[in-house]
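Whatever order the structure lists ligands and atoms in, that order sets their numbers, starting from 1.
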Amino acid sequence: MTPTFTRRELLVTGARASAGASAICVPLLRAPTGAAATKATVTSRDVGGLGASDHIIVAYKNAVAAMKALPSSDPRSWTYQAAIHGTFASPVQTAWNTCEHGTYWFWPWHRMYLHYFERIIRKYSGDSGWALPYWNYESASERQLPVPFRDPSSSLYTSNRGPGWNSGAASLSAGTVDTSGGFIPTDFTTASSILEGTPHGAVHVSVGGLMGSVPTAAQDPIFYLHHANIDRLWNLWLAQGGGRTDPLSDKTWKNRKFTFFDENKNQVQLTSCDVLRCALQLEYTYENEPAEVNLYCLKFIIPWKYLVFVVIRFPLPPIELNQKVSLVRLDIRKFRDRLTSLAKSKNDTLLLKFDNVVAARQPGVVWQVYLGAPKGAKLSTDGPFFVGNIALFGMGIRNETPKGQKFMPASFTMVADRAIMAGLNENPSGVLPLTFVPSGPLIKGKPVVPKLRSKVTIGKVSLVNLNQKPTR
Ligand code: C2O
């Protein structure tokens with residue numbers, strides 16, 4: 001099929017990428033001179049280094065048991081805390097169903113949520129120096145569910161996980177935990193939304209059970225360790241420098257207040273500005289992380305703009321993803337020179353974007369996406385054609401829309417530079433195969449496709465250019 005038009009337009013990379021405004025970012029605002037940038041009292045440990053009898057695990061186990069014993073009307077109870085993230089229960093109580101997905105508050109909202117959760121764990125474990133560990137699944141030795149979560153006698157256990165997780169047979173595939181795409185963009189919203197898809201959503205869907213759906217995910221004690229890792233990625237992304245920063249000139253991002261409950265049942269509110277600096281504001285750091293970048297919400301800032309424009313919107317009929325491999329062809333003949341120069345340019349990043357992605361219910365399957373792989377090529381997530389995963393989590397799933405909220409289709413963004421170059425090499429015709437391969441966790445090291453519970457449709461595919469050099 002031939003694209004019928006090329007459209008240049010500005011896309012907002014703010015809130016939900018729908019309105020047509022320009023995305024604004026700011027130069028790095030580092031610590032005011034003289035500020036001692038070291039305050040931190042606790043260290044979040046890699047759970048891979050913690051045995052079942054480690055005091056961090058024991059404290060977590062005891063506190064979770066205590067929270068489970070509280071009446072569900074208590075905002076510190078296990079059910080209430082999980083319901084703040086999401087729930088099917090009604091009537092809806094204060095702060096329930098308030099997690100941010102598909103927006104640029106994904107990182108700050110979950111950081112706020114973990115902060116109060118951690119304080120509640122400290123109270124109920126009696127360990128005032130307790131810090132939530134993180135699930136470091138990027139490390140090849142940590143792809144199974146951490147052992148302390150598989151003990152049926154522990155409060156950290158739930159039988160409601162996908163097949164093989166509790167026996168230790170299941171492990172996350174390498175493509176599921178790949179952060180390389182998300183670390184490329186220097187624009188906050190683009191990086192956050194790529195990482196929200198992979199590894200974040202892909203890990204949720206792969207673990208399955210409670211973890212597989214927003215309204216139940218936070219009932220699994222592993223949820224919080226998964227999110228500690230996602231939170232750590234925010235710091236790691238910033239620490240790469242090169243212009244990466246938080247959207248500090250965006251008033252909406254900075255000022256929106258989110259409601260939580262602290263360890264004494266007090267209703268509290270936080271904004272993104274309250275959670276920019278882990279060590280200085282929230283007093284924790286991650287084991288082995290590089291020096292934190294200390295950003296500040298200041299009154300006066302010089303806005304920078306990231307230009308994001310659509311290069312090609314492909315005139316494809318809706319794509320259906322199911323239990324078989326799906327294949328469509330992207331005709332980029334007319335754009336070959338332009339795409340080649342954008343793909344090669346240091347200041348530009350080509351993004352493959354999927355919009356209007358919809359399923360009736362959680363599909364239970366993760367689709368690996370390959371761009372430009374020629375017919376018969378071995379598809380591997382460490383090869384040049386792999387661009388990311390389609391893993392629906394919350395957004396785009398019709399029966400998971402919380403009561404009173406509007407259904408929102410999902411979007412997925414993937415970095416495509418490398419795949420376009422390799423794809424043009426392998427497909428001199430200029431027509432690139434786009435392949436969707438159903439996948440799931442590995443079972444005893446072997447790929448197994450889980451049972452599909454709902455097919456997915458993708459309404460729109462486009463190639464978008466992100467100019468990585470903000471202009472004033
Ligand atoms: Cu709000 Cu991992 O989800």
Can you tell me how the ring of [X] sits relative to the ring of [Y], calling it parallel under 30°, perpendicular over 60° and tilted otherwise?
X	Y	result
Tyr80	Trp96	perpendicular
His227	His85	tilted
Tyr60	Phe117	perpendicular

Do any N/O/S atoms of [X] come under 2.8 Å of atom 2 (Cu) of ligand 1?
X	value
His227	yes
His200	yes
His204	yes

**Report entry** His226 and Tyr134 side chains, donor-acceptor separation under 3.5 Å
**Finding:** no
Query raised in the report: Got a sec: is His85 within less than 2.8 Å of atom 1 (Cu) of ligand 1 via an N/O/S atom?
Result: yes
Query raised in the report: Would you call Glu263 and Lys123 a salt bridge, using N to O less than 4.0 angstrom?
Result: no
**Report entry** atom 1 (Cu) of ligand 1: angle it makes with NE2 (His101) and NE2 (His110), nearest 10 degrees
**Finding:** 110°
